[in-house]
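Working notes, beginning with the structure itself.
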There are 2 protein chains.
Amino acid sequence: MNSEDIARLAGVSRSTVSRVINNYANVPEATRAKVLAVIEKYNYEPNTSARILAGKSNNTIGLFVISVSEKERRIYQNAYYSSFINAVVDVANDNGYYVLVHTIYSEKDYSKVKQSFLQKRICAGILVGNEKLSSALKEISRMGYPIGIVDYDPEDIEKYDLDDSNLIVVNSKDYEGTTDALNYLIGLGHREIGIITGRMETYSGRQRYEAYINVLESNGIEIKPEFVLKGEFHKKKTYDEVRNLVDSKKLPTALFACNDDMALAAMEVFSENGIRIPEDISIIGFDDIPLAAHIKPALSTVKVPGYEMVGHITELVISKIESKVRKFHYESIPDQLIIRDTCTNVRDGAF
Amino acid sequence: MNSEDIARLAGVSRSTVSRVINNYANVPEATRAKVLAVIEKYNYEPNTSARILAGKSNNTIGLFVISVSEKERRIYQNAYYSSFINAVVDVANDNGYYVLVHTIYSEKDYSKVKQSFLQKRICAGILVGNEKLSSALKEISRMGYPIGIVDYDPEDIEKYDLDDSNLIVVNSKDYEGTTDALNYLIGLGHREIGIITGRMETYSGRQRYEAYINVLESNGIEIKPEFVLKGEFHKKKTYDEVRNLVDSKKLPTALFACNDDMALAAMEVFSENGIRIPEDISIIGFDDIPLAAHIKPALSTVKVPGYEMVGHITELVISKIESKVRKFHYESIPDQLIIRDTCTNVRDGAF
DNA sequence: CTGAAAGCGCTTACAG
DNA sequence: CTGAAAGCGCTTACAG
């Protein structure tokens with residue numbers, strides 16, 4: 001069943017069938033109804049490849065989920081990501097777009113992005129993932145398609161010579177979120193504040209660390225290298241770092257973890273060692289993963305609105321596809337401090 | 001840049017370029033190298049739509065994530081699903097396939113499946129989701145494309161008149177998993193065993209319930225209606241049901257929850273009411289979501305190998321695409337009882 | 001308002 | 001081994 005069949009059955013030409021399908025204005029209602037009836041009756045749907053080849057948009061957004069640092073190829077383990085995929089698909093589908101999902105596990109896989117464009121499979125791309133985006137990004141940005149990136153340093157655009165006219169960058173306000181968390185801790189009287197850092201290959205990892213340094217310094221609090229634990233956003237790394245800290249017998253009174261996974265890992269180690277939270281040490285995380293509210297004690301954290309952020313970038317990408325305006329768009333979304341049960345006034349503690 | 005440009009640049013015809021791209025045997029090495037060099041140099045990738053239109057497979061699998069019962073369109077909240085998407089994408093990408101992800105939130109959305117086939121966007125479909133699959137499935141099964149379905153009653157195939165020659169159904173062994181969990185509880189001395197049921201619209205929901213009934217009966221244990229709580233796989237519903245149970249002052253000594261979310265909800269309610277787990281009541285879940293191992297006490301449960309299950313069905317679908325053998329394939333994957341800290345011998349308890 | 005025809009970029013018998 | 005040509009199923013100027 002193709003447009004020619006429909007045309008014959010409706011007693012018109014393929015041109016007219018096409019006009020009906022594409023909602024051209026200059027088709028009399030009677031003709032339109034006649035054609036529509038045949039289309040309906042035979043359950044006809046135009047061949048997508050033919051339409052694209054003839055000049056229509058493919059209406060497909062590529063979603064590239066980058067995870068070059070994970071050993072295991074289990075992105076979903078990271079609760080962070082699953083909401084991203086869902087957000088893109090929801091918003092795209094609502095707007096009549098399809099989404100092609102790809103995972104990127106290595107530097108080499110970046111060629112998949114370029115390839116998808118070159119093969120004309122997609123008309124825009126959204127990149128999410130926790131790694132420094134490779135140099136491949138320069139090339140990708142220059143292909144002329146709208147590209148949405150989540151968690152990217154806007155200064156890197158110039159630094160890596162990207163073409164920003166096709167770029168949409170949406171970040172969460174990690175610096176401010178971190179500042180809020182730290183000020184909260186300081187307000188509770190803490191002066192010995194440690195950090196479990198994320199991956200410095202990510203913008204959010206760097207921002208959270210920088211905010212830590214700056215807030216402490218501007219409050220006249222000394223930054224002790226032994227209280228700076230390198231967690232890399234991973235639980236495994238964090239276990240080791242926190243165990244070392246515990247072994248050193250010198251604990252801070254509060255610990256700021258750059259994500260909830262690491263905060264949880266730290267809590268486990270403390271719990272194993274009879275160190276009470278928050279009595280012996282306060283701890284605060286980042287992200288607000290579902291688990292955070294459910295563990296005991298419930299984890300105080302900084303909520304990153306992941307679904308909203310990614311849903312929003314999807315809307316921006318779609319409007320860029322349709323508007324043809326080529327202009328850099330940057331946005332950052334506020335985080336929210338969520339106070340639960342893992343932080344307490346330093347004077348109430350055992351120290 | 002198209003195949004004609006490449007042809008001219010390489011001094012051959014488009015036919016030869018095509019033969020090189022498609023790895024035809026009858027191209028001399030020298031010619032192949034010459035063409036490849038030009039392709040490489042200009043970063044040429046053949047236009048996908050043109051290839052498909054000319055007869056190539058679109059190499060795209062549609063992944064339809066069904067969630068008609070959820071109020072909120074947040075599939076990812078269900079930890080269950082995110083691993084599914086990831087599994088399909090990983091396996092498909094590894095085999096050179098693309099995946100188009102769609103969410104289905106209403107009965108009406110099922111037309112998206114049919115449409116995607118009719119428009120020739122996809123050459124196979126995988127349906128995952130927690131609802132009774134609609135009657136649309138009959139039509140979909142008859143379109144002649146391989147369809148993989150997770151969690152579907154094989155008896156419904158005949159009942160709903162599906163064409164099974166294109167079907168691949170993969171379930172987890174819910175009945176056996178439930179039996180294991182219940183036998184474990186019975187082995188601990190429990191005779192007062194309640195259940196929080198899932199959605200009866202799902203095969204797994206029904207299987208788990210049926211196994212509960214049968215195991216109890218075959219052990220001569222009375223099934224008390226007041227111990228059958230209707231949780232619908234949802235936390236909210238479960239809170240209400242468990243509160244009612246607690247208010248009734250008549251608790252079973254053990255509770256089998258048809259998924260971990262509901263087990264967790266029950267634990268929260270018990271905890272609020274000073275009912276200790278496992279001392280006052282044993283509880284066991286189903287699924288083994290990441291949270292299960294991390295809450296205190298750690299939840300005993302039946303692990304469903306979701307990623308493996310869906311990865312496997314993806315492999316089966318791909319081999320069906322490529323083999324052209326049309327024959328029903330059914331498989332069920334064993335679950336695994338995971339004993340952690342929420343169940344204890346009934347004699348040790350406070351009852 | 002509508003049809004004939006060109007064209008999108010490939011693949012693949014067909015003929016040599 | 002290789003090229004000319006038909007054909008895949010549409011869309012869209014073009015002409016009327």
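Chain identifiers are assigned alphabetically (A, B, ...) following the order of the sequence lines, protein sequences preceding nucleic acid strands; residue numbering begins at 1 within each chain. Keep in mind that what you see is a predicted model, and the values were worked out from it rather than measured.
- The side chain of B/A54 has D/dC8 as its nearest neighbour among D/dT2, D/dC10, D/dC8.
- To the nearest angstrom, P of C/dG3 lies 14 Å from CZ of A/R8.
- Within the structure, a side-chain polar atom (N or O) of B/Y24 is placed less than 4.0 Å from OP1 or OP2 of C/dT12.
- Nearest nucleotide to the side chain of B/P28, out of C/dT2, D/dT2, D/dG9: D/dT2.
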**Report entry** Criterion salt bridge (charged side-chain N to carboxylate O under 4.0 Å, His left out) on B/D5 and B/R14, from CA distance to verdict
**Finding:** CA-CA 9 Å; B/D5 297 325; B/R14 279 147 74 218; over 6 Å; no

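- Here D/dC8 presents its P atom at 8 Å from CG of A/N2, a figure rounded to the nearest Å.
- Put simply, the side chain of B/S165 never gets that close to the backbone of B/R326: no donor and acceptor are under 3.5 Å apart.
- For D/dG3, neither phosphate oxygen OP1 nor OP2 lies less than 4.0 angstrom from any side-chain nitrogen or oxygen of B/S15.
- Candidate nucleotides D/dG9, D/dC1, C/dT11 were compared by shortest atom distance to the side chain of A/N47, and D/dG9 ranks first.
- Residues B/G55 and B/G11 each lie close to DNA chain D; by heavy-atom proximity, the contact nearer the 5' end of the strand is made by B/G11.
- Distances shown here put every side-chain N or O of B/T31 at or beyond 4.0 Å from the OP1 or OP2 atom of D/dC1.
- The phosphate of C/dC8 (OP1 or OP2) has no side-chain N or O of B/S49 nearer than 4.0 angstrom.
- Not one N or O on the side chain of B/T31 forms a donor-acceptor pair closer than 3.5 Å with the backbone of B/V27.
- Listed nucleotides: D/dC8, C/dT11, C/dG3. Nearest to the side chain of B/L53: D/dC8.
- C/dC1 atom P lies 13 Å from atom NZ of A/K34, rounded to whole Å.
- Salt bridge annotation for A/R142-A/D163: absent, with no cationic side-chain nitrogen under 4.0 angstrom from a carboxylate oxygen.
- Atom name C1', nucleotides C/dG16 and C/dT12: the rounded distance is 16 Å, in whole Å.
- Contact between the side-chain N/O atoms of B/T16 and the OP1/OP2 oxygens of D/dC1 is not found at any separation under 4.0 Å.
- A close approach under 4.0 Å does occur between a side-chain nitrogen or oxygen of A/K56 and OP1 or OP2 of D/dT12.
- As a whole-Å value, the separation of B/N26 CG from C/dT11 P is 14 Å.
- Phosphate contact (OP1/OP2 of D/dT11, side-chain N/O of A/N22, threshold under 4.0 Å): present.
- Shown here for A/F328 and A/L167, the closest heavy-atom pair between the two residues is CD1-O, 3.4 Å.
- Using N1 to N3 plus N6-O4 or O6-N4 for Watson-Crick, or N1-O2 and O6-N3 for G-U wobble, each under 3.5 Å, D/dA4 pairs with nothing.
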